[in-house]
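Structure record follows, encoded as structure tokens.
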Amino acid sequence: MSAQGVEFGQDATGDPNAVWIMGSSGFLYSDRIVFTASHVIDVFGDNFVNAAYMFAPGVKNAFDQKRYMAQKVLKAPTYKDRSDADGTRIDDFAIIILRESMPMRNSVQVASPADIESFIREKTVVEMVGYGLQNAAMRTDLQARNNQSPHKMTTVLVAGDELRQYYNSNPGLLRPTQTVLALGLRNSEKTGSNCDGDSGGGYFVQKENIRYYIGPNGGSQAGIKNCNDSQQFPAAGGMTGITATNKFLALIKEAEDFVANEKKLEAAKEEAR
């Protein structure tokens, strides 16, 4: 099952961070940096920078929107795609550096390990906004898919014993050889569930004007209906597995340094003119 908008979710038009990426999703971290999942980049392979484009955060994915192009892509160096033996994507994180700035209307911080421990302990509300399918009809209704607003799901983080208990209580959802990631996020008909096209959408906690970014939608899925009429949730709902992005702070610093240098070069060129 792929985890690529949100089924049973809420309309999130105008969200300041949700970015449409060629049928998948991303999260605007800063004016020129978009976080997403590595497997979103894989769809285009080495041609992503030349072929892919994005829209400003929170807009409908109509084709008359302004297109933003990528200048550079950085994948987590430890990323591993799914294999026959292991259906889990490992360290499924990537950074898209934009050629020009997107409107940035809020503050974003990468959630620290201490933040994440607090979110789990306090059962803090976690949100994810994506551009994926919202119902089974969208699989064939291209008009709806090509004029689509982002949708939001709400959930809570689980880890450790609770995550293992979910898998033990729902045998058959994961193969014995499949990797169990460190963080899980519950999906349900009451609070929303991800579908194809939500891959790369960012899980975050909102506190006042700051969004604490946890990680991108990807990794693994279990028990999720995925906008298919033929599938049902188990009694315990579905589960998304992710890796916390604080594992990749060095990669983020590399992206930030690249952007800072590019802006210096652009300023120098402008001054020369």
Side-chain angles (χ1 to χ4, degrees), residues 2-37 40 52-70 96 98 100-109 124-156 185-218 224-227 240:
S2 62
Q4 290 194 351
V6 170
E7 189 174 19
F8 312 113
Q10 306 168 14
D11 186 276
T13 302
D15 185 90
N17 303 103
V19 174
W20 181 88
I21 308 174
M22 301 297 291
S24 292
S25 304
F27 184 96
L28 186 64
Y29 169 70
S30 67
D31 64 332
R32 295 207 190 174
I33 293 177
V34 174
F35 290 162
T36 190
V40 170
Y53 57 88
M54 290 144 277
F55 296 142
V59 302
K60 286 189 174 183
N61 63 340
F63 292 115
D64 59 351
Q65 298 282 3
K66 173 180 171 59
R67 298 184 179 188
Y68 291 82
M69 308 299 292
I96 302 169
L98 302 169
E100 60 180 309
S101 296
M102 279 189 182
M104 188 74 193
R105 310 194 304 273
N106 65 347
S107 297
V108 176
Q109 294 183 20
T124 305
V125 173
V126 175
E127 301 172 79
M128 189 278 288
V129 182
Y131 278 92
L133 304 180
Q134 296 158 14
N135 51 62
M138 276 191 169
R139 293 196 175 278
T140 55
D141 187 347
L142 296 181
Q143 183 174 354
R145 290 171 63 178
N146 291 335
N147 190 27
Q148 177 182 349
S149 298
H151 272 57
K152 176 178 72 175
M153 66 176 282
T154 58
T155 183
V156 292
L185 298 121
R186 293 193 174 276
N187 292 238
S188 75
E189 294 186 27
K190 291 183 178 180
T191 60
S193 180
N194 62 73
C195 289
D196 289 336
D198 280 326
S199 283
Y203 289 98
F204 63 89
V205 167
Q206 179 86 44
K207 290 190 175 182
E208 297 179 351
N209 192 44
I210 298 175
R211 284 187 170 179
Y212 292 85
Y213 180 85
I214 299 169
N217 191 37
I224 291 173
K225 190 169 176 283
N226 196 27
C227 293
T240 300

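Taking every heavy atom of both residues into account, Asn61 and Trp20 meet most closely at ND2-NE1, 3.2 Å. For the residue pair Met102 and Phe55, the shortest heavy atom distance occurs at CE-O, 3.4 Å. Ala37 approaches Pro216 most closely through the heavy-atom pair N-CB, 4.1 Å. Considering all non-hydrogen atoms of both residues, Pro16 and Arg105 come closest at CA-NH2, 3.3 Å. For Cys227 against Leu133, the heavy-atom pair with the smallest separation is SG-O, 3.6 Å. Closest non-hydrogen pair, Ser188 versus Thr191, comes out as OG-OG1, 2.9 Å.
In this structure a side-chain-to-backbone donor-acceptor pair under 3.5 Å is present from Asn187 to Asn194. Asn17 places no side-chain N or O within donor-acceptor distance of the main-chain N or O of Phe27, the cut-off being under 3.5 Å. At distances below 3.5 Å, not a single donor-acceptor pair connects side-chain atoms of Gln134 with backbone N or O atoms of Asp11. No donor-acceptor pair under 3.5 Å is formed between the side chain of Ser107 and the backbone N or O of Ile210. When atom types are taken as modelled, the side chain of Gln206 and the backbone of Glu208 share a donor-acceptor pair closer than 3.5 angstrom.
Between Phe35 and Tyr213, the ring-plane angle classifies as tilted under the 30° and 60° cut-offs.
For Tyr203, there are no ring-ring contact (aromatic ring centres under 6.0 Å, His included) partners at least two apart in sequence or on another chain. Qualifying ring-ring contact (aromatic ring centres under 6.0 Å, His included) partners for Tyr68, counting only residues two or more places apart in sequence or in other chains: none.
Screening residues 24-36 for salt bridge (Lys or Arg N to Asp or Glu O under 4.0 Å) gives Asp31-Lys263, Arg32-Glu266 as the qualifying pairs, with residues at least two apart or on separate chains.
Between the CE atom in Met54 and the CD1 atom in Ile21 there is a gap of 6.0 Å [rounded to 0.5 Å]. Remark: Thr155 OG1 to Glu127 CD distance equals 10.5 Å, nearest 0.5 Å. Separating the CZ atom in Arg139 from the CG atom in Asn226 is a distance of 5.0 Å, to the nearest 0.5 Å. Summarising the geometry, atom CD belonging to Gln10 is positioned 5.0 Å from atom NZ belonging to Lys152; distances are rounded to the nearest 0.5 Å. Atom CE of Met153 is separated from atom SG of Cys195 by 10.0 Å, given to the nearest 0.5 angstrom. The CE atom of Met104 lies 5.0 Å from the CG atom of Leu28; values are rounded to the nearest 0.5 Å.
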Candidate pair Val126 and Val156, rule side-chain contact (heavy atoms from CB on, under 4.5 Å), full reasoning: CA-CA 5 Å; Val126 175; Val156 292; 5.6 Å; no

Worked verdict on Phe204 versus Val129 for side-chain contact (heavy atoms from CB on, under 4.5 Å): CA-CA 9 Å; Phe204 63 89; Val129 182; 4.2 Å; yes

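Side-chain polar atoms of Asn217 and Ser25 form no donor-acceptor pair below 3.5 angstrom.
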